[in-house]
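Residue indices begin at 1 and follow the sequence shown.
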Amino acid sequence: MSTTEREPQPAPAAVPGVPAARPLRAWQDAALERYFDPERDEPADFLVTATPGAGKTTFALALARRLLDTRRVDRVVVVAPTDHLRTQWAEAAHRAGIELDPTMTNAVGPVRADVKGYVTTYAQVAGHPMLHRARATAKRSLVVMDEIHHAGDGLSWGDAVFEAFADARRRLSLTGTPFRTKADERIPFVQYVDDDSPESEGGLRSAADFTYGYKEALADGVVRPVVFAAYTGVSRWRNSAGEVVAASLTDATTKAVESLAWKTALDPRGDWVPHVIAAMDERLDHLREHGMHDAAGLVLASDQEDARAYAKIVQRVTGEKPALILSDDPKASQRISDFAAGDQRFAVCVRMISEGVDVPRAACLAWMTSYRTPLFFAQAVGRVVRSRVPGESATVFLPAVRPLLSLAAEMETDRNHVIPPPPSVSSDEVDEGGLDLLPPPEREPGGPKEYEALEAQAEFAHVLHGGKALTGGALPQVSVDEQDYLGLPGLLSPEQTAALLSQRDAEIRRRTATPRAVEDVVEVAEPEQEDATWHTAALLRKEIHGLVGRVAAGRAMPHASVYSKLRAAVPGPPSASAPVDVLRRRRDHLLSMV
């Protein structure tokens, strides 16, 4: 490869009909310079570690545009962890002037001629790696692997990713946090170095080609500063002997007692959950009244049963119906998109919004779950740290238990995390071992209950910021109006947050006992914009299918015969692979037959 070819190219020209791309952030420019470093050959593999919310997608698409415009590659393939992220990637690519199809299944062969590539999932690659190999080698391809830690070598997903993309022209791997792994579970296309940390036990640590951590992103104003509001309280439960046990979340004596106190606090029938939801609702009031008019809160539950119960509590406490986003809902992806673009204050979810999902207006997170691994904590908190304008801040409401307080205190510390194996099935909620959930209570059929939650009270404990715990105290020489003003994003210091949360605690307790009247949610129409070709193609295929049915019924012909005549009249690939112009001509031909 010549030196001239390796020189960084100017920013790509604007694409007609596509909004101009925002200027790249300094770290994204620096990463591009590293990739196109004229002092070395351009890499076949490149790993970027950038903190959640920093803009990994924007960087990847900027690189893709550069490679496409300079004809280094002709196709882009993106591999994402979930189906919703496929759509999110395709929409972001459309805004960058790159048409990617997120609707392709393993039943479809060639990529449509009017798109530059497609978006798939790790599960789909594992289902048919040779198909994806054929697609990625039919043209010179850049393969972007989002959250690459989902592909562990020696496991089904890792083996499939290697088989599918080992011969691709270029590969870009992205992750939101550094990771380490065992020597026999290497992730494909990642370079490793020996990990000499005490907890590694002789393992390996990923060696990124470019790293952009939370501390750097915070200093650059790329992410919001995070304030952790910790809530304690006394939990009461009945053990297998029928004894009532009481313990504080903060003062639990043993890990076993702490786990049961934590589990009881999260029980929807107690008072801890509504108290914390009310506190988060008040924080959203401040944000919305003083600058962040669309501020939203996410409630993260452990399972779908709890999520449904928490949604009812949100409605009772706030008077507004939240968005309920569950993985078994076929409309889950659309619900996330609607929530991200809308004005609803709350969304209750399990893991659908934990990794990679982009909801920039989300500024508060309620940790109503027993998940407690460092990786999941960083990914979930990353949903509320994406900065839009200077001065915004994020608040995470969480139980005051040692495992979570330790993770919060280390938020600004670069860590290497152990990556659990990918789940053996495609559900978004089965990877419980990797999430280190609290163990469920054991029950014997017909025997006494091992554990029964009774009640839990909530009480503000402290605010954790920058590794320091700040308890609530008085705010001298600050009027009520000034306290309201302090809700302006960025002007509310951690000390003031602690004082205000403490002062409002008693009022919140009274408020949760009085349900609010439910308000109707008014949906605001979004301005129309040109649909991406994949979306237009999907609508046309649906329209063609309906017209074929009408023609078949009107002429007493089998559907297959109508499709055969249609293909003869309007030649081209099957509908699943046909470009938009061919689909439009077939639709028009069918309309003439009706």
Side-chain angles (χ1 to χ4, degrees), residues 47-57 59-61 76-93 100 102-106 118-129 132 143-153 155-162 164-165 171-179 181 185 187-190 206 300 325-328 332-333 336-337 340 349-359 371 373-383 417-435:
L47 171 63
V48 172
T49 298
T51 192
K56 293 186 294 296
T57 300
F59 163 74
L61 293 172
V76 177
V77 179
V78 177
V79 188
T82 65
D83 279 330
H84 174 74
L85 291 180
R86 295 175 70 186
T87 303
Q88 187 169 291
W89 267 97
E91 291 172 345
L100 302 179
T103 64
M104 290 190 68
T105 67
N106 286 352
Y118 66 101
V119 191
T120 186
T121 65
Y122 288 100
Q124 283 186 310
V125 173
H128 202 330
H132 296 274
V143 179
V144 180
M145 287 167 284
D146 189 19
E147 304 299 351
I148 185 63
H149 54 261
H150 283 274
D153 196 11
L155 302 163
S156 60
W157 286 10
D159 290 341
V161 164
F162 182 80
F165 304 123
R171 293 172 293 268
L172 171 66
S173 299
L174 306 173
T175 184
T177 181
F179 54 85
T181 187
E185 293 180 356
I187 294 174
F189 317 126
V190 171
S206 62
L300 185 60
I325 302 170
L326 305 174
S327 62
D328 64 354
S333 183
I336 295 175
S337 298
C349 55
V350 183
R351 295 187 62 201
M352 292 294 291
I353 302 186
S354 65
E355 183 177 68
V357 174
D358 189 11
V359 187
Y371 301 165
T373 61
L375 176 63
F376 185 82
F377 189 84
Q379 292 285 0
V381 173
R383 298 315 100 215
H417 303 304
V418 174
I419 305 304
S424 57
V425 296
S426 59
S427 170
D428 287 321
E429 299 170 21
V430 298
D431 190 15
E432 297 185 351
L435 293 168

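In this view, A60 and W89, V144, L172, L174 satisfy the side-chain contact (heavy atoms from CB on, under 4.5 Å) rule, not counting sequence neighbours. Judged as a side-chain contact (heavy atoms from CB on, under 4.5 Å), and not counting sequence neighbours, the contacts of P102 are R86, A90, V119, W534. Taking F165 as the reference, nothing meets the ring pair (Phe, Tyr, Trp, His ring centres under 6.0 Å) condition, with sequence neighbours excluded.
Between the CD atom in E91 and the OG1 atom in T57 there is a gap of 12.0 Å [rounded to 0.5 Å]. Going from atom CZ of R171 over to atom CZ of F189 covers 4.5 Å, rounded to the nearest 0.5 Å. Within the model, atoms NE2 of H84 and CD1 of I325 stand 8.0 Å from one another, a figure rounded to the nearest 0.5 Å. T175 OG1 to M145 CE: the interatomic distance, rounded to the nearest 0.5 Å, is 12.0 Å. Taken to the nearest 0.5 Å, the CG atom of L47 stands 4.5 Å off from the OG1 atom of T49.
Among all heavy-atom pairs drawn from A378 and P52, the shortest one is O-CG, 3.8 Å. A pairwise comparison of heavy atoms in G176 and E147 identifies N-OE1, 3.3 Å as the closest pair. Shown here for A151 and V161, the closest heavy-atom pair between the two residues is CB-CG2, 4.0 Å. The two residues A380 and L300 come nearest to each other via the heavy atoms CB-CD2, 4.0 Å. The heavy-atom pair separating W157 from H150 by the smallest distance is CE3-O, 3.2 Å. Heavy atoms only, all atoms of each residue included: A80 and D146 are closest at CA-CB, 4.3 Å.
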Run the side-chain contact (heavy atoms from CB on, under 4.5 Å) check on V78 and V76 step by step: do they pass?
CA-CA 7 Å; V78 177; V76 177; 4.1 Å; yes

Between T121 and T82, does a side-chain contact (heavy atoms from CB on, under 4.5 Å) hold up when you go through it step by step?
CA-CA 6 Å; T121 65; T82 65; 5.9 Å; no

Walk me through it: do V143 and V79 pass the test side-chain contact (heavy atoms from CB on, under 4.5 Å)?
CA-CA 7 Å; V143 179; V79 188; 4.3 Å; yes

With side-chain contact (heavy atoms from CB on, under 4.5 Å) as the criterion, how do V381 and F376 come out once you've worked through the C-alpha distance, each side chain's angles and the decisive distance to 0.1 Å?
CA-CA 8 Å; V381 173; F376 185 82; over 6 Å; no

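Counting only distance, with no hydrogens or angles, the side chain of N106 and the backbone of Q124 share a donor-acceptor pair below 3.5 Å.
Contact annotation: the side chain of H132 approaches that of T120 to within less than 4.5 Å [non-hydrogen atoms, C-beta and beyond].
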